[in-house]
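In what follows, a structure is listed as structure tokens, so that the remarks can point back to it.
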Amino acid sequence: MATSQEKATLSPTASGNPISSKTSAAAMATVIHPVLDPLSTKTTAATPVMARAQTCHPLDPLMAAEIAVAVSTVRAAGKTPEVRDSMRFIEVVLVEPDKNVVALADAYFFPPFQPSLLPKTKGRPVIPTKLPPRQARLVVYNKRSNETSIWTVELNEVHAATRGGHHRGKVISSKVVPDVQPPMDAEEYAECEAVVKDFPPFREAMRKRGIVDMDLVMVDPWCVGYHSNADAPSRRLAKPLIFCRTESDCPVENGYARPVEGIHVLVDMQNMVVIEFEDRKLVPLPPADPLRNYTAGETRGGVDRSDVKPLQIIQPEGPSFRVNGHFVNWQKWNFRIGFTPREGLVIYSVAYLDGSRGRRPVAHRLSFVEMVVPYGDPNDPHYRKNAFDAGEDGLGKNAHSLKKGCDCLGYIKYFDAHFTNFTGGVETIENCVCLHEEDHGILWKHQDWRTGLAEDGKIEAEVKLTGVLSLGALQPGEVRKYGTMIAPGLYAPVHQHFFVARMDMAVDCKPGEAFNQVVEMNVKVEDPGKDNVHNNAFYPEEELLRTELQAMRDCNPLSARHWIIRNTRTVNRTGQLTGYKLLPGSNCLPLAGSEAKFLRRAAFLKHNLWVTAYSRDEMYPGGEFPNQNPRSGEGLATWVKQNRPIEETDIVLWYVFGVTHIPRLEDWPVMPVERIGFMLMPHGFFNCSPAVDVPPSTGDCELKDAVIATKPIQNSLIPKL
């Protein structure tokens with residue numbers, strides 16, 4: 001615990017620059033005080049801890065005031081009133097600082113103050129009086145010129161923005177990105193629906209189907225993807241899907257039970273006009289399905305269940321976790337929580353406090369960076385359904401407020417999320433992320449037959465899939481093999497869901513260290529012979545993945561294939577390298593031909609595992625702007641062509657996992673939760689000897705869509721999105 005003296009605010013030097021000279025370092029002795037490293041049992045009485053001078057940790061998500069300052073700064077930089085009025089704000093996010101800045105902040109500026117993170121130096125370390133200013137990165141769409149630009153704005157102390165909004169940030173850089181379209185926005189969706197419903201030929205087409213009340217009609221804009229030059233990003237395009245409710249006085253009716261087939265609509269989203277329309281085929285609307293609704297009082301039979309007794313989760317002594325801002329301590333684990341409009345939940349700086357070994361890092365940054373849903377029906381419009389839910393829309397922007405007793409149980413810590421809307425206003429999702437503990441069953445168990453005693457204990461990442469099916473209508477007597485008929489005239493096409501987990505690993509690596517490698521493990525059956533006279537032998541065989549191209553790998557349950565991220569300089573008490581194992585769960589690959597159009601933008605789906613050398617600009621596997629992207633030379637599949645070495649390197653793992661969904665009648669009207677995921681578990685990480693340096697290795701050796709569950713010790717700690 002820092003003393004009151006150590007919490008005193010420090011003033012910057014007159015120049016405002018970090019202190020780096022010997023003279024300045026000597027002057028720092030009056031404001032830096034030796035204390036114990038609270039995350040280590042070793043006595044480090046001479047270790048200085050910086051008085052906290054910053055209000056926001058470098059990894060804290062942008063506050064609402066910071067977003068407002070960033071938007072106003074960019075808007076003010078517009079050259080003309082027309083330019084300023086045409087600005088639409090797609091995304092405003094934190095510019096995440098270099099890892100050494102994060103380490104400096106954790107060591108000297110923010111509790112629990114962890115000086116052991118930094119390499120030891122002779123004498124007193126030279127520490128700046130303050131961290132670099134926070135920066136915001138803005139993606140801006142100009143509705144007038146159809147241009148997309150990226151801006152970087154430097155932010156000063158945010159409290160200045162609360163005094164009437166007179167403070168502005170400083171534009172550090174701006175550039176126009178040619179030939180791209182940024183993600184769509186909910187405001188555009190609403191405007192598109194209104195435009196289509198007011199289009200006279202559309203109203204006439206609906207009249208032919210017996211619909212005159214436009215309040216019954218639902219228009220869902222979908223990004224066009226990229227199938228030909230007609231979809232090029234020179235225009236901002238959407239191809240809506242049409243649905244129709246049966247009763248205008250029932251706002252909770254499931255309108256997706258009546259898809260309107262045969263109408264082709266193409267909308268220019270920049271100018272909000274219908275540019276193509278054709279009533280191609282008159283398909284009767286499916287009859288109203290009595291089982292279509294799923295809300296309370298509207299379920300099967302119209303009667304809610306009453307045979308489930310209340311289940312209450314109580315924690316009379318409070319939770320086992322502690323939260324300071326966005327920093328979380330739970331048992332011996334600690335990490336930081338972040339949030340972006342594109343990824344949703346982000347987990348930073350995952351580490352384990354291991355007695356005399358102190359803080360042992362596991363990963364620097366964990367998140368889901370893309371979700372792709374390709375459909376397997378070649379008929380129009382379903383062949384165009386291949387949504388990039390993160391890159392074309394935004395997982396975080398589609399998050400919703402969580403409710404106690406429904407999404408979260410027991411003692412709950414909520415985190416709000418702030419982001420910009422299309423016109424630059426700041427919106428807040430209250431209770432967007434919840435942190436709570438769950439009894440997730442047995443962690444481990446062993447019973448000794450001699451004593452009759454039993455003991456209980458796993459680490460797991462899990463995605464829970466649920467929602468309403470995207471349906472198609474059938475002609476009378478029609479049957480399609482590319483889906484399942486779930487009601488008269490109504491069928492659900494087959495499709496797949498793919499998720500991409502990006503894991504910036506740092507197993508036993510302090511900041512600045514790059515001692516990780518990835519090993520693939522396959523189980524081999526021993527050949528018959530003198531070493532296998534009983535024909536029962538099998539053994540694990542390792543292969544060191546040395547380069548990016550070599551590390552393009554697929555799951556193989558026949559060989560129990562998994563991968564181990566090892567530290568090449570740290571050993572456990574048996575002399576083996578410490579590591580973490582990536583253990584796949586159920587998985588699949590795209591069920592599409594090699595020339596499938598969606599694979600042009602989603603080549604990263606072709607393998608389950610990719611490993612790359614860390615580069616701060618390589619964040620999204622399909623590139624930053626997958627919407628209407630005609631270019632095949634972007635993203636993960638292109639980055640690995642550099643074939644960079646990945647042995648003893650700062651590495652990033654990209655794990656692609658998915659499920660093939662062949663709909664069942666039980667998936668209607670709403671799909672019960674289906675779980676997929678993987679485990680990231682210790683492999684020789686615990687029961688370690690004190691840190692030992694060894695020579696370099698020379699031989700082979702829960703988005704509410706997503707829930708991430710981490711169960712390392714006894715309970716589960718589940719940050720929910």
Side-chain angles (χ1 to χ4, degrees), residues 39-40 116 320-321 328-335 347-366 437-438 440-446 455-462 501 503-510 513 515-523 540 542 544-545 555 560-585 609 611 648 650-653 655 657 677-692 694 697 701 708-719:
L39 298 186
S40 174
S116 61
S320 300
F321 60 79
V328 178
N329 269 301
W330 181 66
Q331 300 195 29
K332 295 184 179 181
W333 295 91
N334 60 65
F335 54 89
I347 299 179
Y348 300 102
S349 305
V350 181
Y352 183 80
L353 305 182
D354 193 7
S356 62
R357 294 178 63 89
R359 183 182 185 276
R360 300 179 63 193
V362 174
H364 177 71
R365 191 183 195 277
L366 306 172
E437 295 171 299
E438 287 185 2
H440 203 69
I442 294 175
L443 185 62
W444 57 268
K445 185 178 181 69
H446 168 71
E455 301 123 355
D456 287 327
K458 89 186 170 175
I459 301 179
E460 184 178 346
E462 184 179 71
M503 296 174 279
D504 184 353
M505 302 301 294
V507 177
D508 267 334
C509 286
K510 291 185 178 181
E513 296 180 343
F515 299 144
N516 281 181
Q517 63 179 196
V518 179
V519 173
E520 179 174 286
M521 187 82 74
N522 289 280
V523 175
E542 297 182 0
L544 175 63
L545 305 180
C555 297
R561 179 173 294 169
H562 57 273
W563 298 276
I564 304 170
I565 306 98
R566 284 179 172 160
N567 186 295
T568 61
R569 303 297 180 91
T570 306
V571 298
N572 56 33
R573 65 177 181 173
T574 66
Q576 298 173 338
L577 299 178
T578 62
Y580 253 74
K581 176 167 70 173
L582 172 59
L583 183 63
L609 180 75
V611 184
E648 290 210 325
D650 189 354
I651 58 173
V652 177
L653 273 69
Y655 183 62
F657 61 106
F678 60 94
M679 297 179 69
L680 191 62
M681 58 194 303
H683 190 276
F685 187 79
F686 294 114
N687 292 322
C688 294
S689 61
V692 177
V694 298
S697 174
C701 320
I708 303 175
T710 307
K711 300 179 283 294
I713 305 297
Q714 296 173 355
N715 306 312
S716 67
L717 184 64
I718 303 186

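In this text the structure is predicted, and so the values were computed from the model without any measurement.
Residues Ile565 and Leu680 form a side-chain contact, since some pair of their non-hydrogen atoms from C-beta on lies under 4.5 Å apart. In this structure, the side chains of Thr570 and Phe515 stay at 4.5 Å or more apart for every pair of heavy atoms. His364 has its side chain out of reach of Asp650: every pair of non-hydrogen atoms, C-beta onward, lies at least 4.5 Å apart. In this structure the side chain of Arg359 reaches within 4.5 angstrom of the side chain of Ser349, judged on heavy atoms. With a 4.5 Å cut-off on side-chain heavy atoms, Leu609 and Leu582 count as touching.
Here the shortest heavy-atom pairing between Gly575 and Val571 reads O-CG1, 3.7 Å. Here the closest heavy-atom approach between residue Pro361 and residue Cys509 is recorded as CG-O, 3.3 Å. Closest approach of Val507 to Gly579, counting heavy atoms only: CG1-CA, 4.0 Å.
Under the ring pair (Phe, Tyr, Trp, His ring centres under 6.0 Å) criterion, Tyr655 pairs with Phe657, Phe678, not counting sequence neighbours.
To the nearest 0.5 Å, atom CG of residue Leu544 and atom CD1 of residue Ile564 are 11.5 Å apart. For the atom pair CE (Met503) and CG (Leu653), the distance works out to 5.0 Å, reported to the nearest 0.5 Å. Rounding to the nearest 0.5 angstrom, the gap separating the CZ atom in Arg561 from the CG atom in Asn522 is 4.0 Å. Interatomic distance, Arg569 CZ to Gln517 CD, rounded to the nearest 0.5 Å: 10.5 Å. Rounded to the nearest 0.5 angstrom, Arg365 CZ and Phe335 CZ are separated by 15.0 Å.
Without hydrogens or angle criteria, Asn516 side chain to Ile651 main chain gives no donor-acceptor distance under 3.5 Å. In this structure a side-chain-to-backbone donor-acceptor pair under 3.5 Å is present from Arg360 to Phe685. Side chain of His683 to main chain of Met681: no donor-acceptor pair is present (N/O by atom type, distance under 3.5 Å, no hydrogens or angles). One N or O on the side chain of Glu437 and one on the backbone of Ser320 form a donor-acceptor pair closer than 3.5 Å.
Applying side-chain hydrogen bond (donor to acceptor under 3.5 Å, both in side chains) to Thr578 and the options Asn567, Thr568, Asn572, Asp508 leaves one that passes, Asp508.
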